[in-house]
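Reviewing the structure listed below.
Here the structure is a predicted model, which means the values were calculated and not measured.
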Amino acid sequence: MLLPAKDEVARLLELYRAWERMTLAAPADHGARGKFEDTGYTLCVLMGKRCAREAVHAAERYLSATSARRRERAGHSPPVSALPGHSGRLAVTAP
């Protein structure tokens, strides 16, 4: 399955929330409402959902699951410099 770029999903989600706030603050602003709806539609296409609310939830789950996997992977293999007795430099030996 092809997954969207995390950076793009995060950017669109942030943009969606900003347009949502602007639309709620000024409901008569047709420009803000149009941008809000366009961003919601883009999230729908990107996340494969039929409505903006589902797309937002899917985007939030996708981003949180990705960060959790990243943290989990980082927890399984400590950086080399964290190993006891290691200076942080890798030794290179000639054959």
Roughly how far apart are Thr23 OG1 and His30 NE2, rounded to 0.5 Å?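 Result: 11.0 Å between the selected atoms.
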Please round to the nearest 0.5 Å and tell me the distance separating atom CZ of Arg53 and atom SG of Cys44.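 Separation between the atoms: 12.0 Å.
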Please list, chain by chain and in numerical order, all residues satisfying side chain to side chain contact (heavy atoms under 4.5 Å, CB included) with Ala58, sequence neighbours excluded.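 Here the qualifying residues are Met47, Lys49, Arg61.
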How far apart are the closest heavy atoms of Tyr16 and Ala52, and which atoms are they?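 Closest approach of Tyr16 to Ala52, heavy atoms only: OH-CB, 3.8 Å.
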Minimum heavy-atom separation for Leu63 and Ala10, please, with both atom names.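 Heavy atoms of Leu63 and Ala10 come nearest at CD1-CA, 3.8 Å.
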Residues in salt bridge (Lys or Arg N to Asp or Glu O under 4.0 Å) contact with Glu54, at least two apart in sequence or another chain: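 Once residues adjacent in sequence are excluded, Glu54 has no partner under the salt bridge (Lys or Arg N to Asp or Glu O under 4.0 Å) criterion.
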Got Asp7 and Arg11 here, is their nearest side-chain heavy-atom distance under 4.5 Å?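 They are not in contact (no side-chain heavy atoms under 4.5 Å apart), so the answer is no.
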Any side-chain heavy-atom pair from Lys6 and Tyr62 closer than 4.5 angstrom?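 The answer is yes, as the side chains (C-beta and beyond) meet within the 4.5 Å cut-off.
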Inter- and intrachain pairs under salt bridge (Lys or Arg N to Asp or Glu O under 4.0 Å), touching residues 13-27, at least two apart: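 Listed by first then second residue: Arg17-Glu20, Arg17-Glu60.
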Report yes or no: do Val45 and Leu3 belong to one cluster of Ile/Leu/Val/Met/Phe/Trp/Tyr joined by side chain heavy-atom distances under 4.5 Å?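 As far as the 4.5 Å side-chain criterion goes, Leu3 and Val45 are not connected within one cluster.
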Residues 36-43, side-chain donor-acceptor partners within the protein, below 3.5 Å, at least two apart:
| unit_1 | atom_1 | unit_2 | atom_2 | d |
| --- | --- | --- | --- | --- |
| Thr39 | OG1 | Lys35 | O | 2.8 |
| Thr42 | OG1 | Asp38 | O | 3.0 |

